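First up is the structure itself, then whatever we jot down about it.
If you're wondering where the values come from, they're calculated on a predicted model, not measured in any experiment.
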Amino acid sequence: MIDFSTVYKSKDMDRKVMPIPYMAPELLKTLVYKPNNISSRYTFQTDVYAFGILLHELMSGSKPYKDIPTAELIITHVLNARRQLTETLVCPQPIKKLIERCWSELPNERLCAREVLKMLHKKDIILYNRFSSSAPENINKLIAHDSF
């Protein structure tokens, strides 16, 4: 999937380059209260959250939180448990549900990467046929792989 921690680790400790709109609430709390500990807070769950934001961006055609003018206001928005709307997205309902499950407030309520892949592979979504060069048999191998 996506490893947003590499974005952070590959750059200097400069808040201007951090992917604020894609950061999970627990990362934003750390950024606000203990910024020196941020690199230790990246997890698979924070990557799943970021994937949900990215999927929303792909489906909407708009940057995340495009109407919010500053990073500080985006942080406040996310920390107050407000997310972007999925009702206005023009996409299948299962994709809307996937997005919402990826950006759950509580990390342990978010899907794991394997669950995300399984949902994307379902016949009512069928993104892999239109948007991926991966053959379905390769996706099946990934789903079945224990370390995924």
Side-chain angles (χ1 to χ4, degrees), residues 1-122 124-128 130-134 138-139 142-143 145-148:
M1 289 204 352
I2 302 167
D3 187 1
F4 276 89
S5 65
T6 59
V7 172
Y8 172 76
K9 290 176 184 174
S10 67
K11 307 257 185 215
D12 293 331
M13 179 62 169
D14 181 355
R15 289 184 189 199
K16 293 177 187 164
V17 298
M18 297 189 75
I20 300 291
Y22 301 90
M23 292 175 75
E26 62 272 22
L27 285 175
L28 294 174
K29 286 177 191 168
T30 302
L31 181 64
V32 169
Y33 298 110
K34 295 181 181 181
N36 293 335
N37 295 339
I38 190 83
S39 63
S40 66
R41 296 291 309 203
Y42 284 95
T43 65
F44 290 119
Q45 289 89 359
T46 61
D47 285 345
V48 168
Y49 180 92
F51 177 76
I53 298 293
L54 180 64
L55 189 56
H56 185 278
E57 180 178 358
L58 291 171
M59 294 296 121
S60 69
S62 298
K63 295 258 183 212
Y65 306 106
K66 69 178 176 76
D67 296 328
I68 302 176
T70 66
E72 290 79 11
L73 289 174
I74 292 172
I75 291 169
T76 301
H77 189 82
V78 173
L79 292 181
N80 287 317
R82 292 182 293 201
R83 302 290 179 269
Q84 300 172 94
L85 298 176
T86 57
E87 294 87 29
T88 58
L89 289 179
V90 180
C91 65
Q93 189 65 29
I95 293 178
K96 292 178 185 182
K97 293 287 182 203
L98 172 60
I99 291 168
E100 291 168 356
R101 299 259 334 260
C102 286
W103 67 28
S104 175
E105 183 71 20
L106 300 174
N108 62 348
E109 290 181 1
R110 293 181 200 140
L111 298 171
C112 69
R114 180 179 305 195
E115 292 169 319
V116 169
L117 194 56
K118 282 182 182 178
M119 288 185 77
L120 289 173
H121 189 60
K122 286 184 177 179
D124 54 349
I125 293 181
I126 313 183
L127 288 178
Y128 67 85
R130 295 189 339 215
F131 302 112
S132 175
S133 61
S134 298
N138 291 339
I139 293 174
L142 282 173
I143 292 171
H145 195 272
D146 288 336
S147 64
F148 183 60

So do [Y] and [X] actually touch side chain to side chain, heavy atoms under 4.5 Å?
X	Y	value
Pro64	Tyr22	yes
Thr46	Arg41	no
Leu89	Ile95	no
Pro94	Met119	no
Tyr65	Ile53	yes
Ile20	Leu28	yes
Glu26	Pro107	yes

What closest approach, in Å, do [X] and [Y] show between heavy atoms, and which atom pair accounts for it?
X	Y	answer
Lys96	Glu87	NZ-O, 3.5 Å
Ile99	Gly52	CG2-O, 3.7 Å
Pro25	Leu79	O-CD2, 3.5 Å
Glu57	Ser62	CG-O, 3.2 Å

Supply the atom-to-atom distance [X] [atom1] to [Y] [atom2], rounded to the nearest 0.5 angstrom.
X	Y	atom1	atom2	answer
Arg101	Glu109	CZ	CD	9.0 Å
Gln45	Ser104	CD	OG	10.5 Å
Lys118	Cys112	NZ	SG	7.5 Å
Glu115	Leu98	CD	CG	10.5 Å

Checking Glu100 side chain against Lys97 main chain: does a donor-acceptor pair fall under 3.5 Å?
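No, Glu100 side chain to Lys97 backbone: no donor-acceptor pair under 3.5 Å.
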Please name the residue in the list Thr43, Leu111, Val78, Leu27 that meets the side chain to side chain contact (heavy atoms under 4.5 Å, CB included) test with Tyr49.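 The residue from Thr43, Leu111, Val78, Leu27 that satisfies side chain to side chain contact (heavy atoms under 4.5 Å, CB included) with Tyr49 turns out to be Val78.
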